[in-house]
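Scroll down for the structure; my scribbles are underneath it.
Bear in mind that the values here come from a model prediction, so they are computed numbers and not experimental data. Lettering of chains follows the sequences in order, A, B, ..., and the numbering in each one begins at 1. Scope of the values below: all heavy atoms of this structure, side chains included, with no hydrogens, waters or symmetry mates.
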Number of protein chains: 2
Amino acid sequence: MNRHSQKQRGAGYGAWLEYRGLKGEAAQTKYCRVIAPQERDIVMETAVAELARGLGHLFGQGEAAIVATTGSAGLSSSVAIGLWGDGTIVDELFRGTALPEPGGEGYAIRTDRETGGIAIGAASPIGALYGVFHLLRLLGTGRPVEALELVERPVNPLRMINQWDNMDGSVERGYAGSSIFYENNAFTSDTERLSDYARLLASCGINAISINNVNVHRHETMLITPALLPEVAKVAALFRAYGIRLFLSVNYASPLEIGGLVTADPLDEGVREWWRSAANGIYAAIPDFGGFVVKADSESRPGPFDYGRDHADGSNMLAEALRPHGGIVIWRCFVYDCKQDWRDRSTDRARAAYDHFKPLDGRFLDNVILQVKNGPLDFQVREPVSPLLGAMERTNQIIEFQIAQEYTGQQRHLCYLVPQWKETLDYDTHLKGEGSTVKRIVDGSLHGSRYSGIAAVSNIGSDDNWTGHLLAQANLYGYGRLVWDPELSAEEIAEEWIRLTFGGDERTAAVIGKMLMTSWEIYESYTAPLAVGFMVNPDHHYGPNVDGYEYSKWGTYHFADRQGIGVDRTTHTGTGYTSQYAAPNRELYEALESCPDELLLFFHHVPYTHVLHSGKSVIQHIYDTRFEGAARAEELKKAWDSLAGRIDARLHRQAVERLAGQVEYAKEWRDVINTYFYRKSGIADELGRKIY
Amino acid sequence: MNRHSQKQRGAGYGAWLEYRGLKGEAAQTKYCRVIAPQERDIVMETAVAELARGLGHLFGQGEAAIVATTGSAGLSSSVAIGLWGDGTIVDELFRGTALPEPGGEGYAIRTDRETGGIAIGAASPIGALYGVFHLLRLLGTGRPVEALELVERPVNPLRMINQWDNMDGSVERGYAGSSIFYENNAFTSDTERLSDYARLLASCGINAISINNVNVHRHETMLITPALLPEVAKVAALFRAYGIRLFLSVNYASPLEIGGLVTADPLDEGVREWWRSAANGIYAAIPDFGGFVVKADSESRPGPFDYGRDHADGSNMLAEALRPHGGIVIWRCFVYDCKQDWRDRSTDRARAAYDHFKPLDGRFLDNVILQVKNGPLDFQVREPVSPLLGAMERTNQIIEFQIAQEYTGQQRHLCYLVPQWKETLDYDTHLKGEGSTVKRIVDGSLHGSRYSGIAAVSNIGSDDNWTGHLLAQANLYGYGRLVWDPELSAEEIAEEWIRLTFGGDERTAAVIGKMLMTSWEIYESYTAPLAVGFMVNPDHHYGPNVDGYEYSKWGTYHFADRQGIGVDRTTHTGTGYTSQYAAPNRELYEALESCPDELLLFFHHVPYTHVLHSGKSVIQHIYDTRFEGAARAEELKKAWDSLAGRIDARLHRQAVERLAGQVEYAKEWRDVINTYFYRKSGIADELGRKIY
């Protein structure tokens, strides 16, 4: 990103890499030189350039000078960077310290006590790049750097972003403009923007990206063909410079649709050969190609079911084609009957992923990874953790989050999702006794998985500030940071992002920090109550519509009648979904008495008069939280308004309208939900507030 | 339409002008010659050609010969055609009979008793053309022609079709393919299809057409400019040959959007001059141009309200521009607040047209016509008649029907609408005492209006059979026939169409006749009950969604809660809408006791336990009619199936799938509506049928 383009791009484009100049104490010790190895591969080149640029901006000197060696006097205002054993000054500076394994993504940073110079040493060029971003983050957030002595390595091996971009330029579930990858069924020529995106991602630790929608349509099916591979390779190179491997979503029916075959049966030798040949072509163009992301037999996409095969057959066939090249298959578990009859209460979509995949444990090749959504339904504001996570001991799994706010306000409402993700990662499945947390499943340690990690659907688009709602940048940043280290708290991550984005003002940090940290709860409190889910308008999923999916084929019902509401997913009287959990979670959810309030309507159908652990009836809880939620949305806006004049006016302006819109829409949610349930239950609000 | 294209176009393309060859007795007296005047204008040319072609096909001889005179021997197998006073044999054959006024659209037909020859005499070429289609209809339906002695003239002066076609090729509320007028933002090159459409329309008496959507978008705004007028003129010529005048829908903001002015204020002299100049341009290209159709200040379209002016100001300004050329302004009264707050029960969309327009009576120029939808809402399966109809004694009015089945099954369900239209036309407004029927308002006789008549939204598109559902052709045909003569019964019209389309088989006529005549009632019986309206999915309006519009801005609510349902539009306790009717209708609707069952929920909010005149409770009525409706939909399918082998297989096939779809969808309606009301009312079906 050169200055020229930055000017063109508008406020917020630099996001958390704006490097607002340091002020006061922090600015006093200047670092104006980078000591770097002379031999640098592309990633080390990036690391050195980012370091020079970051230091230059932070200390107001354009770019820092890059030198190969310096006298000991020069070390005092320098940052040295290098790899273990590369013979540079870095080796010397780290002698005798505990360091990450060579080849890994780790790094170490220490401050030389004598000179005050800083050294970043790493096991690999990408480690060096991460070390650079770490140091710049410390400087940018005003942390002391006089006595650094740290070693870091990422907790999760695969840290992935899924783009749901289509070649026509649209983004499925995109709320920040159009695609930055494609337009008019071709790649965009704006490669600078792609590099800037790679940079943002690398700065918070992302190391993999799939660049097209999991729903692979006609044009995108061609991405793996010689006609488009040279273009894909160019994009791969842009991301490679930032240590990010490129993946493609593929169409399971490719052999049929573009291969001229009459089948896509995974057991057909012709089909297998076709995919082998396709893989050879891809790796010829992109030697470090990551692999395939596959949505098969899901929401009318083709898959092995079309040929009477199962998902192990289907994914293994692709895995065999990729294996010689070191590629992997990421196979999504979002498989359910999307043509369900709403009249049929025995079919439970929540059960589907477990029912489909659990029996296949042990049958997948070791370069297949199953990608499991965090909850059993679909990225709702509140869901239980998917019981499939960790349930397949002999199968690689990664979890899938959605940074894009499909069901959480579509980047028109503020909803900081890190607390939600963190709650999921901290969840104890008890699959191998206490402490079998989701984070230990996805980091690979619980089952000793070969591949593991986390993926998430991106929330960015062509909007100048990347995410539409400026504050939604915190979700992209926070995703990367949390995945790097799930022990970071949501508050810490929020504070980092705020300071990097808006500077070091304490009140700003406190105000925005509170806005972010309360926003999920606020959004939940005026939308679908008690984990019942959905209640949104069909298709686009924005705005309240209590019966929006009630009489549809999608398997997402609330079953509200004049007596009560909720889905009986118990084993005794319901769909049996609770049996998919290990004890004691199974019993926790099964019993009405122990089921947590916030998940109540996901697991139980109860009368409106049922009393929650909170002491409130369900209906009064609905009324109270809707009224409170709408009122708290107003507080969000007031809090932001109070920052006018304290932060960059161009940034401030961007969220004013969004927050005003949220206030209005929160009232709409409040009134629609309250009115619906008042009309249905006939039970008046105890406080006599206005219901229509 | 030449034979070649007919072959290409597929079954059903000829619609009711297929002229299946006569069989049996009817075929014995052959008419193989047309005696025509030598001087023929374009319309007379059409009349003579249609006669020659029709006779030729009916009697299996290709085309009949056209001659100028014949010896008296020749008269026996001839049809003579001419105008009064043109000196042809026609004058002689009609001597001494009562004939329509010269210049009018009437005609006379008589059979010469001596020779058996038939004469069609008319007051104008278009009258001659109508006479031709009349005779062909008699022959095609197997009526005796040995002793004809008839005089006909249309009852309604303006008999109009509104196309809601957009230049991008889409049709707003189109259910039969894409536009036949436009594609890719230009006129289509398929002028033959347009001529064939003109021919279908003329054959049932239509004499006016507006060729673009009342929602006039960017491209269509240009239709009145020199860039596109030559193209419009070509289309006008095609319709002119069939006696149909062409109108355009115009964008009220044209002076702003394409005229370079800063306002479209109707009282601004620059704006007035712009429209005068535009009108001059149009008439230079199309001397018999009909005029403008205008949707202004309606559903976010621009209009005089934007400048603090009223609809009289707005329409008169356009009327002044058209007046020197004999053009008229057709100004739609579909004006209401489409951004209503669903919480606000005092605003009643049903009141809006009357409230907006009634106070303006007397202020409109005499070449302005107000176009009023048949009901106060929007083409629902059941609505009361709009109280605005006839309420403006000093203002020209026409009624607007919708042949396109937007809310009546979208041409996937069978719904023969002639009975609905007839009920509306026969409705007695009592505005000038008993007998003040709608048909007398729209034919101009009640108030002595200068202009009057009927318009309707077309149901055709690019589908081979014009209307998608083959049986929906009956609505287009029936509309024209009913508008020509509102005294025709729905049964008679149905029978004509059936015989012309499928031939003379008695059982076929009986079976399809019954299907058509019961279809409206059947559709009503499984969809929104008791005139409460809507309950459809938003935007596309297909399929059940009871709360689809309940919490929206559109002003179309049912207010169902656990006690009851309906909209209180009474004057005593409701919105006061009933006061817009003249006595005794006002009192009829106002009193719960006298309000007709079928309109109950439009006028009253009642408990589910309220007992109808039928003796059933509202809730039981809902259940019973939904179950019966779905069952009767199956009967429709069975009836059609029973005709396999009796009618042209290619035609038969076309409706099989549609009717099967209707059966399935009727069940969906049944179950969604029943379940919704059971869950809300808690009242069980007396017969214990399955509700979910």
If only atom types and distance count, is the side chain of A:Arg562 paired as donor or acceptor with the main-chain N or O of B:Lys680 below 3.5 Å? yes

Over 12 non-hydrogen atoms of neighbours within 6.0 angstrom of CD in B:Glu299: yes

In this structure, OG1 of A:Thr675 is separated from OH of B:Tyr551 (nearest 0.5 Å) by 6.0 Å

Is the number of heavy atoms from other residues, nucleotides or ligands under 6.0 Å of A:Arg689 CZ greater than 12? yes

Side-chain contact, heavy-atom cut-off 4.5 Å: A:Asp547 with B:Tyr676? yes

What I'd like to find out is whether the side chain of B:Val672 reaches to under 4.5 Å of the side chain of A:Trp342, using heavy atoms alone. yes

pair B:Arg679-A:Phe559: side-chain heavy atoms closer than 4.5 Å: yes

Highest number of heavy-atom pairs under 4.5 Å with chain A: which of B:Pro544, B:Gly548, B:Ser681? B:Ser681

Between the side chains of B:Arg343 and A:Glu668, is the shortest nitrogen-to-carboxylate-oxygen separation below 4.0 Å, so that they form an ion pair? yes

Taking CZ in B:Arg412 as the centre, count heavy atoms belonging to other residues, nucleotides or ligands within less than 6.0 Å. Is the count above 12? no

Heavy-atom count around B:Tyr608 OH within 6.0 Å, excluding the residue itself: above 12? yes

Just checking B:His540: does its NE2 atom have more than 12 heavy atoms from other residues, nucleotides or ligands closer to it than 6.0 angstrom? yes

Option that, when pairs with chain A are counted at under 4.5 Å, heavy atom only, ranks first among B:Gly543, B:Ala560, B:Ser552, B:Pro538: B:Ala560

